[in-house]
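Just below is one structure, and these are the notes that go with it.
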Amino acid sequence: MTDLTKLTIAEARDLLKKGDITSRELTEVHIASVDAADALNAYIAKTPELALEQADKADAKIKAGEQKGMTGIPVGIKDLFATKGVHTQACSHILDGFKPEYESTVTQNLWDDGAVMLGKLNMDEFAMGSSNETSFYGPVKNPWRRGDTDTVPGGSSGGSVSSVAGFAAMGATASDTGGSIRQPASFTGTFGFKPTYGRCSRYGMVAFASSLDQAGTITRTVRDGAIMMESISGFDVKDSTSVDMPVPNFEAALTGDIRGKKIGIPQEYHLAGMPAEIEALWQQGIEWMKAAGAEIVDINLPHTKYALPTYYIVAPAEASSNLARYDGVRYGLRDVPQNGGLVDMYEATRAAGFGDEVKRRIMIGTYVLSAGYYDAYYLKAQKVRQLIADDFKRAFEKVDAILTPTAPSAAFAFGEKSDDPIAMYLNDVFTVPASLAGLPGSSVPVGLDANGLPLGLQILGKPWDEETVFKVSGVMEEAANFTAKPAEWWR
Ligand code: GLN
């Protein structure tokens, strides 16, 4: 008997269509594998009854000839997507007990297509982090280990990547503000896809930095990413930043043909001190692209070195404002000191409810927005953000896609960077620029490092040209032929 958890979404879809399997069977097997993966700490809430209910509905849909790409497919949902009546806390203590009255548009799109929810996935608190060590529910473990040492799954979508790499979901929703889809995908040998800012609705996504936040997907293959992305994308009147553009058939973009495409290699991404293996893999990727008939073009993105400081001003500034709503009155936790007044209640609630990293961001954000510093930090950062976007605009006059490493390292051990915020932030060096410019991008698993840990390459595209990102990703996936799987120590 084939292990149904090892199927890709595309394979399951075809078997469901032929009637060889049912969504109920597929869902039951996945519910068991979710339980078997408890050691990964990827799920912080499980919804097996709901899953079976949705599976039966999906089976009826398929029988009625109404199957879509995601019909009957069991997925995990990052804890920052509002799911009606189900745990939604962005893995923060301050949202204790919060169960929204409404559904996010991204998840509603999935359910409308007949997808099945296995549960809510662990993440860095409010999506702030690169290692999933800031979650109130404890760290997520990467299915991939360095010898006997546990490694972080990356962040902030740690539960999303760990569940998908660990065969405890066929796909997962994720969100990317500065790299939270692409970096953890690279750390876990999964395919991460972040669309153009505005492609997906942010309605019902717990806000971190609203001008950067975008929903996206984690899957085991590029084709699966195309199928799932098509389901979650689309204009929504409930999000004024979502854009009214037709959603292309992303899967149809996977033609395998990139002949004549121009692929840019940004010289500024050759970081001093980057591991030689990552440089070598990047070079290998370039060779694969050439062999597939693409033309390699050296490009410059001169403001790259300012991207990280710019991001770590803009994102905390927006976060400090977005997180002001958690005051002990409207949501979740309320901490009331004896004989205290309203302000004491606010202070006690926020002191008890937010973790250290979130507090750090709120303080940075408040500082850069305060009178006297606003011009020097926030306003300046907004101007630099524009220059970074202009760099990409100019580059994309010459090329169709850009190829870079996804992250400057492979997965690291727990605690390795958690005492040093700057070292942690440096992990986002290759993902943050595209976030600031709102571009679509992916991370494709391409190889293993000397410790046997996965590494990914990042592919960036022009705004609204997700199709080229998928096309190039598909060719990269085929050339890399990344078939390694983690040893299933957690079962
Ligand atoms: N690691 C980055 C941060 O901590 C990006 C997070 C994200 O994309 N949500 O802000």
Side-chain angles (χ1 to χ4, degrees), residues 78-81 90-92 106 121-135 139-140 152-161 172-188 192-195 197 200 202 205-218 307-320 322-323 354-365 368 381 385 406-409 411-412 416-418 420-443 456 458 460:
K78 187 173 179 177
D79 197 37
L80 64 49
F81 292 90
C91 285
S92 180
V106 158
L121 294 165
N122 206 338
M123 55 183 284
D124 278 303
E125 184 180 3
F126 285 112
M128 297 172 190
S130 307
S131 63
N132 216 125
E133 288 169 288
T134 74
S135 167
V140 174
V152 303
S156 65
S157 310
S160 306
V161 290
T173 63
S175 67
D176 195 309
T177 301
S180 278
I181 291 175
R182 292 159 286 157
Q183 182 256 18
S186 177
F187 279 20
T188 53
F193 194 90
K194 170 211 176 289
Y197 181 81
C200 292
R202 289 185 299 108
M205 277 171 75
V206 177
F208 163 9
S210 307
S211 76
L212 296 154
D213 298 343
Q214 257 304 288
T217 54
I218 299 294
L308 214 48
T310 300
Y311 172 85
Y312 278 98
I313 289 173
V314 173
E318 293 186 22
S320 71
N322 273 326
L323 270 54
F354 292 132
D356 288 350
E357 183 59 29
V358 173
K359 286 179 185 158
R360 182 177 298 123
R361 305 283 178 116
I362 293 172
M363 287 189 283
I364 295 172
V368 300
R385 180 177 185 176
T406 306
S409 78
F412 41 88
E416 208 171 298
K417 296 184 201 280
S418 46
D420 183 353
I422 304 285
M424 191 68 89
Y425 299 168
L426 278 171
N427 232 272
D428 305 330
V429 64
F430 298 141
T431 49
V432 147
S435 296
L436 289 167
L439 304 175
S442 71
S443 176
Q458 171 174 248
L460 303 174

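Values below: all heavy atoms of this structure, side chains included; hydrogens, waters and symmetry mates excluded. Numbers for residues simply follow the sequence, beginning at 1. Because the structure is predicted, anything quoted here is derived from the model rather than measured. Atoms within each ligand, like the ligands themselves, are counted from 1 in listed order.
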Worksheet item: Would you say the side chains of Ser211 and Glu318 form a donor-acceptor pair under 3.5 Å?
Response: yes
Worksheet item: Mind checking whether Tyr425 and Tyr312 have parallel, tilted or perpendicular rings, split at 30° and 60°?
Response: parallel
Item to complete: Just jot down the side-chain contact (heavy atoms from CB on, under 4.5 Å) partners of Leu212, sequence neighbours excluded, or say none.
Response: Thr177, Ala209, Tyr311, Val314, Ala315, Arg385, Ser435, Leu436
Worksheet item: Is a side-chain donor-acceptor pair under 3.5 Å present for Ser92 with Glu125?
Response: yes
Fill in: Set of residues that line ligand 1, where lining means a heavy atom lies under 4.0 Å from it
Ala127, Met128, Gly129, Ser130, Ser156, Asp176, Thr177, Gly178, Gly179, Ser180, Phe208, Tyr311, Tyr312, Arg361, Asp428
Worksheet entry | Residues forming a salt bridge (Lys or Arg N to Asp or Glu O under 4.0 Å) with Asp124, sequence neighbours excluded | none
Worksheet item: Looking at residues at least two apart in the chain, or sitting in another chain, which of them share a side chain to side chain donor-acceptor pair (under 3.5 Å) with Gln214?
Response: none
